Amino acid sequence: MPLRLGTPFPHRIRIALEEAGVDYTTICIDLINEKDWKKLLPDEALSEDAVGIPESFVILELIADAFTSAGLLPKARLCCRDVDAKLLPTFFGFFFLEKHVDTPLDAIADIQQLLLAEGFVVGQWSIADAAFMSDVGAGKTAIEALQGPRSARIQKYNADNMARPSIAKIWDEEAVAAMVIRRMERFKQTGKINVDVTLPIPKLD
């Protein structure tokens, strides 16, 4: 499984694979370094039926469907997309486009309304949490305000996730913080989001 440095999406897949008890291989690549992408090329030719899947949600659904005994609840897929639609644009705006911190905090407040008083996104742990946890974990690391009372439910949700062996095994708080800072600084200098996307560098007042 490729682990792209500078993005939370592969964490979703790693968490789900750990929950399902599946053996996998991790390949680290840098989004900006085109040479790194060659690491993903197989040593042998793939069959004509082989398909590459770059979408983390689709992979989460495949894992949930393939390993039903893990109880990853493929029905949680709608929650996955709803959470992402609310969170990712606001986090992107804050980290890369100098938007005010209230924007992601407002999105977090909306998401908190979707959570039950206890437990996870749909009650028991599911692929929705694999997706949500990667977003919230990266945001919590970089946005100090997420530690405040306004985000109390999210803090409890994050702590409950961190207590799971699958997440504790792969989640490195310092590495995630370094990843976020590194990617923000690189964007400010080059405008590059990844190897395919470059945006105008924001002008600071």
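Computed from a predicted structure; not experimentally measured.
Of the N and O atoms on the side chains of W125 and N161, at least one donor lies less than 3.5 Å from an acceptor on the other residue.
Pairs passing the salt bridge (Lys or Arg N to Asp or Glu O under 4.0 Å) check and including a residue from residues 119-128, sequence neighbours excluded, do not occur.
No donor-acceptor pair under 3.5 Å is formed between the side chain of R12 and the backbone N or O of I127. Proximity of a side-chain donor or acceptor of Q112 to a complementary backbone N or O of I154 within less than 3.5 Å is detected.
Salt bridge E19/R164: present, at least one basic N to carboxylate O contact under 4.0 Å.
Between L60 and I13, some side-chain heavy-atom pair lies under the 4.5 Å cut-off. A heavy-atom distance below 4.5 Å is found between the side chains of V121 and Y157.
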Worked verdict on I63 versus V22 for side chain to side chain contact (heavy atoms under 4.5 Å, CB included): CA-CA 9 Å; I63 294 171; V22 179; 5.6 Å; no

Evaluation steps, side chain to side chain contact (heavy atoms under 4.5 Å, CB included), between L72 and F67: CA-CA 8 Å; L72 299 181; F67 303 98; 5.6 Å; no

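Contact record, I167 with M162: CG2-SD, 3.9 Å, taken as the closest heavy-atom pair. Scanning both residues, Q124 and D129, for their nearest heavy atoms gives O-OD2, 3.9 Å. Considering every non-hydrogen atom in both R14 and T26, the closest pair reads NE-OG1, 4.0 Å.
K156 NZ to D160 CG: the interatomic distance, rounded to the nearest 0.5 Å, is 3.5 Å.
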